[in-house]
Amino acid sequence: MIPNTFEYKRAGSVEEAIGMLGGDAQILGGGHSLIPALKLRLNAPGALVDISKITSLQSINDNEKSITVGAGVTHAAIASDAVLAEHCPMMGQAACEIGDIQVRNMGTIGGSIAHADPAADWPAVLLATDANVIIQSSGGKRTVDIDQFFKGFYETALEEGEIITSISIPKTAFNRHSTYVKFKQPASRFALVGCAAAVEMDGGIVKSARIGLTGVAESAYRPMSVESALTGKPLNAETIDAAVQNVTEGVSVMSDHYASEKYRTHLAHVFVKRALKNLI
Amino acid sequence: MANKISITVNGKMHTAEVEARTLLVDFIREHLSLTGTHIGCDTSSCGACTIHMDGKAIKSCTVLAVQADGSELTTVEGLSKNGELHPMQEGFREEHGLQCGFCTPGMMMAATDLLKRNPSPSEHEIREALEGNFCRCTGYHNIVKSIQYAAGKMNGATA
């Protein structure tokens, strides 16, 4: 399969990349979401701006209150990062579950969330982390709360001429006590259902919980009813079973030839339970 | 519009003009005539096109040739040195690691990448590392044994 023709531009810096955008140019990171779409001709931009050689986008920085993950950091780099493993174990667990090692060596976290595939892993994980997305354009930088970032089916808060430069993960008690579990579509390895859960405990009682679900609806989402049902209670099989009852409340559950609405709803219950039981 | 690229493949520098949309696997096969790298699924699922780019295993059907400009690649043709089989190739021969042989180049490139990261993998780790490589003959059992042979030889155990 051969993509339609396009112009290729390699950017040496974020500023240079922003200057190259415009018209129907699109950003090329690791290419593992974009190139398959180009090959299927689902997408045919006039130009690609390659940001994969911009080294400033490729580091994971350990700050006092947060960890900054560059948009160009690969899934493989996240999978083996010791700082993230300590402060936010669900990040490494999710990274290991993406595709295979060859895919993880190319695909990037920034590219994944910009693409916003409804079955991708990072949207669920980042919703659970309470991350901030740092975005740059010719007008300067802005920060978008992850709860405001995913807008729908392959749709995000990113506007024309903007580039994600990094994702900021807060160092919190709930991120230190977090997990990611996933039921894979066996051929594509995308999530039929994936659940990230992060829980802060205080004296045996849930002080706060954040849960992200992917693969279930047209966009990753937080099942708020589950989070609030757990808060103030001990974390055990009974409280978890009771809390997950309304896990798909307020969303339209997807149905396709991989999984019917009924089966996906069932999987959502099972995987939220499994994630939470991992944290008991 | 033609793009000028310079890529080192198996130690030899190649300079060429390619269309931006040229896939790396097509550049390797069509421009360099290195047909050991196979195209199986063409959707980054099967792993037949696995090569090493700057020391890491990647699927060359899902990379543009222009993205590899300035990179160092190793293809299956680059495994043997001075006419001697690489231990991985020897392992596949000794342990009957191939049946039809279509997946074999990708299997060997994924496996040599694994042994670089983990010189003494367990059977489970070998099987995990091959999750991105399919063998339609389902000959995984002997593929695993071939990789164990190579690991043993490279660690000096059976040398």
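What you see is a predicted model; the values in this text were computed from it and never measured. Below, read A as the first sequence line, B as the second, and so on, with proteins coming before strands; counting in each chain starts at 1.
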Next on the checklist: Looking at chain B, which one of A/Gly31, A/Pro3, A/Gly30 has the largest number of heavy-atom pairs inside 4.5 Å, strictly under?
Outcome noted: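 Answer, by heavy-atom pair count under 4.5 Å with chain B: A/Pro3.
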Next on the checklist: Less than 4.5 Å to any heavy atom of chain B: does that hold for the side chain of A/Leu40, its backbone, both, or neither?
Outcome noted: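 Neither; nothing under 4.5 Å.
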Next on the checklist: Is A/Leu28 in contact with chain B via its backbone, its side chain, both, or neither, using a 4.5 Å heavy-atom distance?
Outcome noted: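 For A/Leu28, the contact with chain B is made by the side chain alone.
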Identify which part of [X] has an atom lying under 4.5 Å from any heavy atom of chain A, answering side chain, backbone, both or neither.
| X | answer |
| --- | --- |
| B/Gln67 | both |
| B/Thr50 | side chain |
| B/Ile58 | both |

I need the [X] [atom1] to [Y] [atom2] distance, nearest 0.5 Å.
| X | Y | atom1 | atom2 | result |
| --- | --- | --- | --- | --- |
| B/Met53 | A/Gln102 | CE | CD | 12.5 Å |
| A/Leu38 | B/Arg21 | CG | CZ | 11.5 Å |
| B/Leu64 | A/Ile35 | CG | CD1 | 4.0 Å |
| B/Thr43 | A/Met1 | OG1 | CE | 6.0 Å |
| A/Ile101 | B/Lys59 | CD1 | NZ | 10.5 Å |
| A/Thr5 | B/Glu19 | OG1 | CD | 7.0 Å |

Checklist entry - Taking all non-hydrogen atoms of both residues, which atom of A/Asn105 and which atom of B/Lys56 are closest, and how far apart? => result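 Closest heavy-atom pair between A/Asn105 and B/Lys56: ND2-CB, 3.7 Å.
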Checklist entry - Closest heavy-atom contact between B/Ala20 and A/Tyr8? => result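 For B/Ala20 and A/Tyr8, the tightest heavy-atom pair comes out as CB-CB, 3.7 Å.
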Around atom [atom1] of [X], are there more than 12 heavy atoms from other residues, nucleotides or ligands closer than 6.0 Å?
| X | atom1 | result |
| --- | --- | --- |
| A/Gln185 | CD | yes |
| B/Arg136 | CZ | no |
| A/Ile2 | CD1 | no |

Checklist entry - Quick check: does any side chain N or O of A/Arg189 sit under 3.5 Å from a backbone N or O of B/Ser45, one acting as donor and the other as acceptor? => result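 No; judged by distance alone, with no hydrogens or angles, the pair does not exist.
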Item to check | Side-chain donor or acceptor of A/Lys39 paired with backbone N/O of B/Thr62 under 3.5 Å | outcome: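 Between the backbone of B/Thr62 and the side chain of A/Lys39 there is no qualifying donor-acceptor contact (under 3.5 Å).
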Item to check | Options B/Asp42, B/Asp69, B/Leu114, ranked by heavy-atom pairs under 4.5 Å with chain A, top entry | outcome: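 Most heavy-atom pairs within the cutoff with chain A belong to B/Asp42.
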